[in-house]
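Okay, structure first, notes after.
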Amino acid sequence: MQPSFSTVTVLGIPFVKTTADRLLATLQARIVAEQNTFVVTANPEIVMYAHEHPEYQRLIRNADYITPDGVGILDGAKILNQPLPERITGFDTMHALLEWAGREHRSAYFVGAKPEVVATLKRTLPRDFPGLVIAGIHDGYFDDDTAIVADIQATQPDMVFAALGFPKQENFVAQHRHTTKGLWMGVGGSFDVLAGAVDRAPKFWQEHHLEWAYRTFKEPKRLKRIAIIPRYLHLVRQQAKQQH
Ligand code: UDP
């Protein structure tokens, strides 16, 4: 049995109170034990969306692990006086799982991102993760997922990464996760980063909790996303008051 983590609930979303390393070890153990696993990595934008869409909230609350992907979640937990140890991002978790999968010759299926990103990944994944078994790669612009799901079911990958953006990726995972005995995880724009189409913020920005500022500067259309932060923090403060 794997350890079960305690959680900190921020606006109705229970976040695992653990470190990236401990979660990774747990995910690996579950893959080895063929335990079906649904991981959600949630930032304030997802929390707010769930707050406004009860059906989506229910769906992600059914995940096995919800991780704090974004400094805004750590800030929220601090306001609630229940600090979380660190960020656990979708990109870092996927990257670490792929490195492990390479060493252990385990398999992964990739669904999401634009066709040109997928074309790059087909070239770079075998080079970057030698030993990784690529069960399949499909872009994220499809009308009907029947053929993709049939392929996932036929290939039985250890891991399925869905990079479709939210809420699409969590809907996809929730609907199809039981077609395998492995791990399923929504990873947002991570395939773009993996393929080198979008840069991760340099270490300095990451270490100073400014990755959001770097990415907004590079992609001004993201401004809309950080615009929700004040309302999010306001609602968390209200939650904190109700708890006292
Ligand atoms: N995407 C997709 N199918 C869609 C819509 C989006 O595959 O119908 C992909 C898109 O190409 C991108 C990812 O989903 O790779 C979403 O990235 P975004 O930057 O919005 O996610 P974030 O990392 O901010 O959660």
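Whatever order the structure lists them in is the order used to number ligands and atoms, beginning at 1.
- Regarding atom 1 (N) of ligand 1, its nearest protein heavy-atom neighbour is Y141 OH, 3.2 Å.
- A salt bridge is defined here as a Lys NZ or Arg NE, NH1 or NH2 lying under 4.0 Å from an Asp or Glu carboxylate O, and D158 with K181 fails to meet this definition.
- The aromatic rings of Y56 and F166 lie tilted to each other, with the angle between the two planes from 30° to 60°.
- Among protein heavy atoms, atom 12 (C) of ligand 1 sits closest to D192 OD2, 3.5 Å.
- Among protein heavy atoms, atom 24 (O) of ligand 1 sits closest to R225 NH1, 2.4 Å.
- The shortest contact between atom 9 (C) of ligand 1 and any protein heavy atom is with A163 O, 3.4 Å.
- In terms of heavy-atom proximity, I66 sits nearest to P14 at CB-O, 3.4 Å.
- Closest to atom 3 (N) of ligand 1, if we only count protein heavy atoms, is G140 O, 2.7 Å.
- Ranking protein heavy atoms by distance to atom 22 (P) of ligand 1, first place goes to G189 N, 3.6 Å.
- For ligand 1, the atoms lying closer than 4.0 Å to a non-hydrogen atom of G112 are 7 (O).
- When all heavy atoms of D139 and V111 are compared, the closest pair comes out as O-CG1, 4.4 Å.
- Considering every non-hydrogen atom in both G76 and Y232, the closest pair reads CA-OH, 3.9 Å.
- Considering backbone and side-chain N/O of F166, none are found under 3.5 Å from N/O of ligand 1.
- With hydrogens left out, the protein atom closest to atom 8 (O) of ligand 1 is K168 NZ, 2.5 Å, a heavy atom.
- With salt bridges taken as basic N to acidic carboxylate O contacts below 4.0 Å, one links R87 and D69.
- Summary of contacts: the protein heavy atom closest to atom 13 (C) of ligand 1 is G188 O, 3.5 Å.
- Separation of the F110 and F191 ring centroids falls under the 6.0 Å cut-off.
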